[in-house]
Amino acid sequence: MLATAEPAKPAADVKATPVAAAIIADKQVNPANVVPSGANGKIYKQDVLAALQNPGRAPQTVAFGRNDRPEKMSNLRKTVSRRLVEAKNTTAMLTTFNEVDMTRIMELRKLYKDGFSKTHGVNLGFMSFFTKACSYALQEWPAVNAYIDGDQIIYHDYCDISIAVSAPKGLVVPVIRNAESLSMADIETKVVELATKARENKLTIEEMTGGTFTITNGGVFGSLMSTPIINIPQSAILGMHKIQERPMAINGKVEIRPMMYLALSYDHRIIDGRESVSFLVRVKELLENPELLLFGKDPVKTLLEL
C-alpha cells in the first residue's frame, strides 16, 4: 500500500483551527498575513479565506477598546487653563508676523561654539541671541514692555524676560531678571539653570512671577507657525519657530537660506500696530546682524557718534 503524502503543517507556534491550518498549508499562506479573530490570537477558517481574498494587503490593526479614563487636572494645569482663558477674554489680542534669516547666527554658533563652551561652561544657543535682541527692542518700544493696571499703564525700565519651558507637569515660564544687563554667557547660564529646575519641578513661585515680556519656542517641537497667547498681565509675547531652509530672493538671485517665522502676539489696548510691527522689525534686524547686539546699533556709527 502506497503511503499517502500529508499536507505541510503551519509552524508549531501558529494557533489555528484544524481547517484553518489545512488551508494555510495547502495554499501556502504566510500566517503573518492573517488577522486572527479568535481568542489569544487563534486563526479561524474565515481569517485565512479573508487573507486569500486580499493578497498583499497588510493585516488590519486590532481595534482599540472604548474605555474612558478620567484623570483629575493638576493644580498647575488648572492655573494655566484659567490664565489662558483670562488672557483671551480680557485682552484685545492681535498677532503680527515676520521672518528672520538665521544665516549669520548659525555661522557664529558654528565658528565660536567650542570656544564659548570652553570659556563659559555653557553652550551657545539661540535663546541668548533672541533675549538680547528683545531686550534692546523693548527699550526702544517701551509699550511692548508695559502692562495695564486699572486706568494706568505701568512702564518698566528693565527687561525681565519670561522663558516658556515645557516641564513634566506642564508649561511653566521662569523669569530671567534684568536681561538687558546680562551678557550672552549670563543669559545662557540662566536659561540652563531655570530649564533644569523646571524639569526637576524645583522652580519657586518667585522664579515664575514678575516677568515683563515672554519668549516661547515652539520650534523645538517642530512648529512652523503659531499665534502664542499673551502671558498676562504682560502685554506681548514673542513666538520662535522651526528653522527651515527656503529659497529666498537675495540681491536678485535665488539662494537657500535657513529661515524662521516670528510671531508677536500683543494687547492692542496698549500697543498700536506701528509699535508692534516696528518692534518685530527691530528684533529681525538685530538677529540678522548679530554685531548690532554689542551696542544695540551699528558699531561704526557708534564710533563716529552718528
[X] side chain vs [Y] backbone, donor-acceptor pair below 3.5 Å:
X	Y	answer
Q234	G211	yes
S235	A146	yes
S265	P228	yes

* ring pair (Phe, Tyr, Trp, His ring centres under 6.0 Å) partners of Y158, counting only residues at least two apart -> H156
* **Partner set under ring pair (Phe, Tyr, Trp, His ring centres under 6.0 Å) for F130, not counting sequence neighbours** => none
* Asked: Stepwise, does the side-chain contact (heavy atoms from CB on, under 4.5 Å) test hold for I187 with I161?
  -> CA-CA 10 Å; I187 293 172; I161 308 295; over 6 Å; no
Side chains of residues 217-226: which donor-acceptor partners sit under 3.5 Å, not counting sequence neighbours?
from, atom 1, to, atom 2, distance (Å)
N217, OD1, G219, N, 3.0
S226, OG, H241, NE2, 2.7

* Hydrophobic cluster (4.5 angstrom, side-chain heavy atoms) - remaining members for I154 -> Y147
Does anything in [range] form a salt bridge (charged side-chain N to carboxylate O under 4.0 Å, His left out)? List the pairs, not counting sequence neighbours.
range	answer
residues 85-96	R82-E86
residues 140-165	E140-R282, D160-R177
residues 123-132	none

* Asked: Between D101 and M259, is a side-chain contact (heavy atoms from CB on, under 4.5 Å) present by the stated rule, with each step listed?
  -> CA-CA 5 Å; D101 185 345; M259 305 298 296; 3.8 Å; yes
Locate the shortest heavy-atom distance separating [X] from [Y]; write the atom from each residue and the value.
X	Y	value
F213	C134	CE2-SG, 3.8 Å
L238	L280	CD1-CD1, 3.6 Å
P247	I256	CA-CD1, 3.8 Å
I229	I237	O-CD1, 3.5 Å

Which side-chain N or O atoms in residues 106-127 pair as donor and acceptor under 3.5 Å with protein atoms at least two apart or in another chain?
from, atom 1, to, atom 2, distance (Å)
R109, NE, L124, O, 2.7
R109, NH2, L124, O, 3.1
T119, OG1, G115, O, 2.9

* Tell me, please, which residues at least two apart from R199 pass side-chain contact (heavy atoms from CB on, under 4.5 Å). => A195, T196
* Structure fact -> Sorted by chain and number, sequence neighbours left out, side-chain contact (heavy atoms from CB on, under 4.5 Å) with P18 holds for none
* Carboxylate-amine/guanidinium proximity below 4.0 Å for K253 and E255 -> no
* Answer yes when D267 and R269 have at least one side-chain N-carboxylate O distance shorter than 4.0 Å, and no when they do not. => yes
* **Close side-chain approach of M73 to S81, heavy-atom, < 4.5 Å** => yes
* To do: Any chance you could measure D47, atom CG, to K45, atom NZ, to the nearest 0.5 Å?
  => 12.0 Å
* Asked: What residues, two or more places apart in sequence or in another chain, satisfy salt bridge (charged side-chain N to carboxylate O under 4.0 Å, His left out) together with R246?
  -> E99
* Output all residues satisfying salt bridge (charged side-chain N to carboxylate O under 4.0 Å, His left out) with E200, sequence neighbours left out; order by chain, then residue number. => K202
